[in-house]
2 protein chains.
Amino acid sequence: MKKSTIKDVAREANVSIATVSRILNNTGKGYSDKTKQHVMQTIEQMGYFPNAIARSLINNESGTIGVLFPAVSGMVSAEMLHGIEAAAQVYGKSVFVCNTLSDPDKTKHYLQLLYEKQVEGVIFASGRLTRNFQKIVKQMNVPFVTLSGISDLKNIPEIKVDDLKATYDATNYLIKHGHTKLAMVSGPPHDLIAGTPRMEGFKQALTDANLPCKSSQISWSSAFYFEDGKHAFRSIMKSHPEVTAIVAASDEMAAGVISEANAQGIRVPEDVSVIGYDNTKLATMTVPSLTTVSQEFDVMGYRASELLCQCIMGEDTDSIIMEHKIIERESVKKTKARGVV
Amino acid sequence: MKKSTIKDVAREANVSIATVSRILNNTGKGYSDKTKQHVMQTIEQMGYFPNAIARSLINNESGTIGVLFPAVSGMVSAEMLHGIEAAAQVYGKSVFVCNTLSDPDKTKHYLQLLYEKQVEGVIFASGRLTRNFQKIVKQMNVPFVTLSGISDLKNIPEIKVDDLKATYDATNYLIKHGHTKLAMVSGPPHDLIAGTPRMEGFKQALTDANLPCKSSQISWSSAFYFEDGKHAFRSIMKSHPEVTAIVAASDEMAAGVISEANAQGIRVPEDVSVIGYDNTKLATMTVPSLTTVSQEFDVMGYRASELLCQCIMGEDTDSIIMEHKIIERESVKKTKARGVV
DNA sequence: TTGAAAGCGGTACCAA
DNA sequence: TTGGTACCGCTTTCAA
């Protein structure tokens, strides 16, 4: 059974396809109420739905956007995607997901694909939009937005939290609550997205508080996972057993710290306090639950998607620095405050 | 700067659009090597990419599939989606994600949308494909596949694990290791996907082992989250303080059980053993780490996507019951085995 | 209010 | 090996 087309409807309803088209698009003019009634009825009983592809072709609007993730698995991408899809739906866009696996070739391939599919805009998430992609991005000639990433290209709006400031605040939160021997469990120092800025925030907070700040106070790993947190904490405890508070670059790492502390008979937060980063669901599930820096990924996704759709409609837009806040739970011991709030 | 079309290329290269088309499609015949060289070169320097929408229209192949999730946030959907996208890419399909929020109206809306966008197939994930959707599904006339869900419609291949059997095995695992006082922390009993069958598996295992099996041994909640696990365990400890082992209907619930046990000074696994379900990343992060039933969601997603693409190509296919296995970690205490392995 | 017809950017058949 | 052209399903202009 072949799909029925506008022609079939026209024939069935004894009108021209032009009339059917007008009715479908609710132009308001170009048909009488009576014909409309009749045509709508035939459409209904034929189970006809217009072919969006044909529409796209003539309107030159695909009604789709593309999202590039390094990996869609993982809580963070999942929440972002959720927000992205929600906003896209509001603006009447459908979303294509693509998994680049952080592979530049794959990324380029996907960009071409999205180009061919005539997407009206692209969200580049959790990655770095390098010069490598400049050419294709320019060719595509549709709005791009980076989400929790960075762009080497100019005039690309970004949606992100100020990682440096957020980590600064997290570190400061520990200091405020009486901690003076701090260490950090970090991701790769050359990761310009979640590595460098967070380490920098940590250092600045220490410096501003006149606390010692040696590079040995930061133990970094190649990623931000649970195991990385475990290892990093282990090495910190070897070199800096005096530490009473840990700043972690992700909730997963913080969970790793808690787990390793547990294994070593170190109590959290009595002996060592831990502050996480991300406020994923995981933060509520650790024992003790995790005080952490909140990044609202779903909201960020929503805003990014919204921003992109606004760009598509030709509105003027600008980058968005998302608010962050510290979610207080049970993993930080509060001792004597040091004056300033 | 408008996008260049095949016409532009043809004009620029001094050939007909027919020739360009043949070259683009690599028909092998219909052009000389020399013209090919020349045309490819102009294409390259013009930065021309064919319009996939126009192609779809004439070929009647959109090269896209749709995926319906109740919610794309959450580890489970994220992992499934990852697998889905990976397989789709292999088969040259792009994927539209849709968030139904379990809302039938929204679901219907998305199905219509996907219909209009001419998707070549649909993966219906983590939900129930009810009679409600029969009409539209039939109209769409493209293959459907359910992933970790159920279908009231006939002839829809399913990819899932046998939840009843898996829970049976999990329960049996505890029994095998010497436990006789068991309880279950379950989701909604009327949830035909992850509620009913898992409860049933638990009961059957007890019955088959000649162990007492009263309905009070199952405490269920309206969902499968961390908090639900906490509450359910609390109520179980009130009514059945003698229990030494808990079967949880999800890893999150199991994490909740561990957390609540902790709060009550009950040691895991010394006092109470816990077995989870899903083998999400969370299972490695709890303290103690979680022995659990493995569902490989990314693999399931991959297989579902693969299956769908095969259906699209007209191959004969059938449902897939995925293997499950028990991943042994630290949350179960092994006491005297009871004979049979 | 209506319908005929010219495209949108491609593909594929047929003739040259 | 080539080019001309009908057509995919729809929108939109122009005349009727």
Side-chain angles (χ1 to χ4, degrees), chain A residues 2-40 42-43 46-64 113 115-120 139-141, chain B residues 2-40 42-43 46-64 113 115-120 139-141:
Chain A
K2 247 183 117 274
K3 272 172 193 167
S4 42
T5 73
I6 198 171
K7 266 185 205 154
D8 302 323
V9 176
R11 189 182 326 109
E12 194 74 13
N14 259 310
V15 294
S16 73
I17 58 173
T19 301
V20 178
S21 175
R22 282 183 216 114
I23 292 174
L24 276 172
N25 291 290
N26 238 313
T27 55
K29 297 181 185 292
Y31 48 85
S32 66
D33 261 17
K34 188 155 145 270
T35 4
K36 178 171 180 179
Q37 292 284 325
H38 177 226
V39 169
M40 288 305 268
T42 16
I43 284 178
M46 292 179 72
Y48 165 79
F49 285 94
N51 182 328
I53 297 222
R55 277 183 158 170
S56 303
L57 184 57
I58 194 155
N59 294 330
N60 208 21
E61 284 178 1
S62 64
T64 59
L113 195 73
Y115 185 19
E116 295 185 358
K117 298 241 177 193
Q118 314 293 120
V119 294
E120 299 174 11
Q139 277 178 16
M140 289 180 73
N141 197 28
Chain B
K2 246 183 118 272
K3 272 171 193 168
S4 41
T5 73
I6 197 171
K7 267 183 203 155
D8 302 322
V9 176
R11 190 182 327 111
E12 195 73 12
N14 260 312
V15 294
S16 73
I17 57 173
T19 302
V20 178
S21 175
R22 281 182 219 114
I23 292 174
L24 276 172
N25 291 290
N26 238 314
T27 55
K29 295 182 187 284
Y31 47 84
S32 66
D33 261 15
K34 188 155 144 269
T35 13
K36 176 169 182 180
Q37 293 284 324
H38 177 228
V39 170
M40 287 306 266
T42 22
I43 285 178
M46 293 180 69
Y48 165 79
F49 284 94
N51 182 328
I53 296 220
R55 277 183 157 169
S56 303
L57 183 58
I58 194 153
N59 293 331
N60 209 20
E61 284 179 2
S62 64
T64 60
L113 195 73
Y115 185 19
E116 295 185 359
K117 299 241 177 194
Q118 315 293 122
V119 295
E120 298 175 11
Q139 277 178 17
M140 289 180 73
N141 198 29

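Proteins get letters first, then strands, A, B, ... in listed order; numbering begins at 1 in each. Small disclaimer: the values here were computed from a predicted structure and weren't measured.
- You'll find the side chain of V20(B) stays beyond 4.5 Å of the side chain of T42(B), heavy atoms only.
- In this structure the side chain of N51(A) never reaches within 4.5 angstrom of the side chain of E116(B), judged on heavy atoms.
- Between Y115(B) and Q139(B), the closest heavy-atom pair is OH-O, 3.6 Å.
- Atoms CG (N25(A)) and P (dC10(D)) sit 11 Å apart, rounded to a whole Å.
- Separating the CG atom of N51(B) from the C1' atom of dG10(C) is a distance of 8 Å, rounded to the nearest angstrom.
- Contact check for E120(A) versus T64(A): no side-chain heavy atoms found under the 4.5 Å cut-off.
- Computed from coordinates, the Q118(B) CD to dG9(D) C1' distance equals 9 Å when rounded to whole Å.
- What separates CG of N26(B) from C1' of dT11(C) is a distance of 15 Å, to the nearest Å.
- Separating the OH atom of Y115(A) from the C1' atom of dG9(C) is a distance of 13 Å, rounded to the nearest angstrom.
- For K2(B), a side-chain nitrogen or oxygen approaches OP1 or OP2 of dG9(C) to under 4.0 Å.
- Contact annotation: Y48(A) side-chain N/O to dG9(D) OP1/OP2 distance is not under 4.0 Å.
- You'll find the side chain of E12(B) stays beyond 4.5 Å of the side chain of V9(B), heavy atoms only.
- Between I6(B) and Y48(B), the shortest heavy-atom contact is N-CE1, 3.6 Å.
- Nucleic acid contact class of N60(A) (heavy atoms, under 4.0 Å, all strands): none.
- Contact check, S21(B) against dG10(C): no side-chain N or O comes under 4.0 Å of OP1 or OP2.
- In the set dG10(C), dC10(D), dT12(D), the nucleotide with an atom closest to the side chain of A54(B) is dG10(C).
- Note: CD1 (I23(A)) to P (dC10(D)) measures 14 Å, nearest angstrom.
- Computed from coordinates, the R55(A) CZ to dG9(D) C1' distance equals 11 Å when rounded to whole Å.
- In this entry the distance linking CG of N59(A) with C1' of dT12(D) reads 10 Å, nearest Å.
- Within 4.0 Å of K117(B), counting heavy atoms only, lies no atom of the nucleic acid at all.
- Remark: D8(B) engages R11(B) in a salt bridge, criterion side-chain N to carboxylate O under 4.0 Å.
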Enumerate all atom pairs, one protein N or O and one N or O from nucleotides 2-5 of chain C, separated by less than 3.5 Å.
| residue | atom | partner | partner atom | Å |
| --- | --- | --- | --- | --- |
| dT2(C) | OP1 | T35(A) | OG1 | 3.4 |
| dT2(C) | OP2 | S32(A) | N | 3.1 |
| dT2(C) | OP2 | T35(A) | OG1 | 2.8 |
| dG3(C) | OP2 | S16(A) | N | 2.7 |
| dG3(C) | OP2 | S16(A) | OG | 3.1 |
| dG3(C) | OP2 | T19(A) | OG1 | 3.0 |
| dG3(C) | N7 | R22(A) | NH2 | 2.9 |
| dG3(C) | O6 | R22(A) | NH2 | 2.4 |

